[in-house]
2 protein chains.
Amino acid sequence: MERELLLLGLLRQTDMHGYQLHEFIHRNMASCVDLKKATAYYLLDKMTESGWLIPTEEQEGGRPPRRVYQLTEAGESAYQAMLRENLSTHYEARFTGDIGLAFLDSLPAEEAVNLLSHRRTALQAELDAAQTVPPHVGTSQLVIEHLVRHLRTELDWLDEVIRRIEPRSEQENT
Amino acid sequence: MERELLLLGLLRQTDMHGYQLHEFIHRNMASCVDLKKATAYYLLDKMTESGWLIPTEEQEGGRPPRRVYQLTEAGESAYQAMLRENLSTHYEARFTGDIGLAFLDSLPAEEAVNLLSHRRTALQAELDAAQTVPPHVGTSQLVIEHLVRHLRTELDWLDEVIRRIEPRSEQENT
DNA sequence: TTTTCCATGTAACTCGTTACATGATTTC
DNA sequence: GAAATCATGTAACGAGTTACATGGAAAA
């Protein structure tokens with residue numbers, strides 16, 4: 001449902017065709033959404049059938065005609081409803097990486113630390129990337145900042161986990 | 001894949017049947033995983049076909065026989081591989097609630113604050129619930145603590161967003 | 001001239017959920 | 001005797017991804 005909201009929200013600002021929408025999202029929102037082409041086309045078709053969008057075909061050269069989409073009134077109210085729904089509800093996050101944590105004790109401490117350090121590297125990289133994203137206009141900036149906050153918390157957390165399971169030998173060897 | 005890891009991890013500790021597994025997860029891990037019955041049965045069948053589990057039928061009374069599952073050696077190595085995979089990779093989180101944020105400016109500030117306050121209430125409730133969960137044994141406790149940390153960050157974040165979009169009139173009216 | 005980009009589409013598949021059905025057994 | 005629990009199962013659906021196919025246009 002939030003993917004539809006995304007498409008509607010973008011189309012409300014400027015009319016676009018599928019390829020363009022996908023491109024835009026991929027370029028400017030890759031850090032927070034990953035909408036595949038197939039999904040974009042599928043949703044646009046569906047929303048057209050629902051009467052939320054009207055496509056206009058633009059022929060240019062010998063390639064497949066662009067279908068530029070425009071919100072209808074029904075589309076606008078769908079947008080309004082979804083936006084309110086989205087803003088007012090709290091979506092629970094599920095951390096798929098936590099199931100491993102629950103079984104951490106079935107590994108020798110040293111190996112556990114190694115594995116988690118690997119995770120840490122990837123996490124750090126994502127954080128670096130997020131912090132390097134050029135500032136966005138308007139409230140899109142909020143999304144970036146949210147991500148950065150989240151990643152910082154994750155990093156802190158991971159460091160604490162590593163510290164906790166680190167074997168004593170670390171100190172003895174020093 | 002993490003659901004399989006979960007089932008294998010539990011079965012490695014004690015042999016159980018499907019109903020029992022579902023019950024256990026529902027009772028003790030509801031805050032971090034939600035594994036439906038149908039999914040549990042499906043995965044157990046699949047993993048049995050893969051040769052990771054051997055079921056033993058236990059007839060008791062006139063009800064459907066319990067299928068108690070036990071890890072095979074192949075199951076054990078699958079578990080080992082998945083655990084390492086899970087621990088060493090960083091899974092990116094997607095916040096479905098962020099798409100609304102990106103379009104926040106299409107609403108009057110006052111309404112936006114109202115909607116987000118609603119979200120805040122639900123978030124606070126989940127945080128309260130997470131903080132009230134009785135302490136878990138071993139590293140399962142880590143999962144709870146992770147959730148609490150995450151929710152605290154979310155709450156902080158949400159408060160800041162609300163503060164930022166709060167209309168000036170608040171001060172004027174006081 | 002070969003590669004990349006533009007622009008669409010679709011069939012098959014995965015993962016998981018929903019919503020049922022069955023029928024004995026225990027609890028109120 | 002009604003309701004909840006035990007214990008399984010399955011058919012249908014939904015959302016999304018993968019992996020293709022097409023074919024002209026622009027760039028290397």
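Sequence lines set the chain letters: A, B, ... in the order given, protein chains first and strands last, and positions in each chain run from 1. In this text, all values refer to a predicted model and were calculated from it rather than measured experimentally.
Along DNA chain D, the nucleotide closest to A/Met1 and the one closest to A/Pro64 are compared, and the more 5′ of them pairs with A/Met1.
In terms of phosphate contacts, B/Thr39 brings no side-chain nitrogen or oxygen within less than 4.0 Å of OP1 or OP2 of C/dG16. OP1 or OP2 of D/dG16 has at least one side-chain nitrogen or oxygen of A/Arg3 nearer than 4.0 Å. A close approach under 4.0 Å does occur between a side-chain nitrogen or oxygen of A/Arg66 and OP1 or OP2 of C/dA7. Distances shorter than 4.0 Å separate none of the side-chain N or O atoms of B/Tyr41 from OP1 or OP2 on D/dG9. Note on B/Arg63: every side-chain N or O is 4.0 Å or more away from OP1 and OP2 of C/dA24. Put simply, A/Tyr19 has no side-chain N or O that comes within less than 4.0 Å of OP1 or OP2 on C/dT8.
The separation between A/Lys36 atom NZ and C/dT8 atom C1' is 18 Å, rounded to whole Å. Rounded to a whole Å, the CZ atom of A/Phe24 is 16 Å from the P atom of C/dA7. Atom pair B/Leu21:CG and D/dA7:P shows a separation of 12 Å (rounding to whole Å applied). Look at CD on A/Glu57: it is 13 Å from P on C/dA7, rounded to the nearest Å. As rounded to whole Å, 7 Å separates atom P of C/dT10 from atom CG of A/Asp45. In this structure, A/Leu43 atom CG and D/dT17 atom C1' are separated by 13 Å, rounded to whole Å. Between B/His22 atom NE2 and D/dG9 atom C1' the separation is 14 Å, expressed in whole Å. Going from atom CE of B/Met16 over to atom C1' of D/dC6 covers 16 Å, rounded to whole Å.
Looking only at atom types and distance, the side chain of B/Tyr69 has no donor-acceptor partner in the side chain of B/Thr56 under 3.5 Å away.
Relative orientation of the B/His146 and A/Phe95 rings is tilted, given thresholds of 30° and 60° on the angle between their planes.
Taking 4.0 Å as the cut-off between side-chain N and carboxylate O, B/Arg67 and B/Glu58 do not count as a salt-bridged pair.
Minimum atom distance to the side chain of A/Tyr42 is reached by D/dA15, of the listed C/dT10, D/dA15, C/dT8. Which of D/dT17, D/dA7, D/dG9 sits closest to the side chain of B/His17 comes down to D/dA7.
When hydrophobic clusters are built by joining Ile, Leu, Val, Met, Phe, Trp and Tyr residues whose side-chain heavy atoms come closer than 4.5 Å, directly or via intermediates, A/Leu123 is grouped together with A/Ile162.
When every heavy atom of B/Ala74 is checked against every heavy atom of B/Gly51, the shortest pair comes out as CB-O, 3.7 Å.
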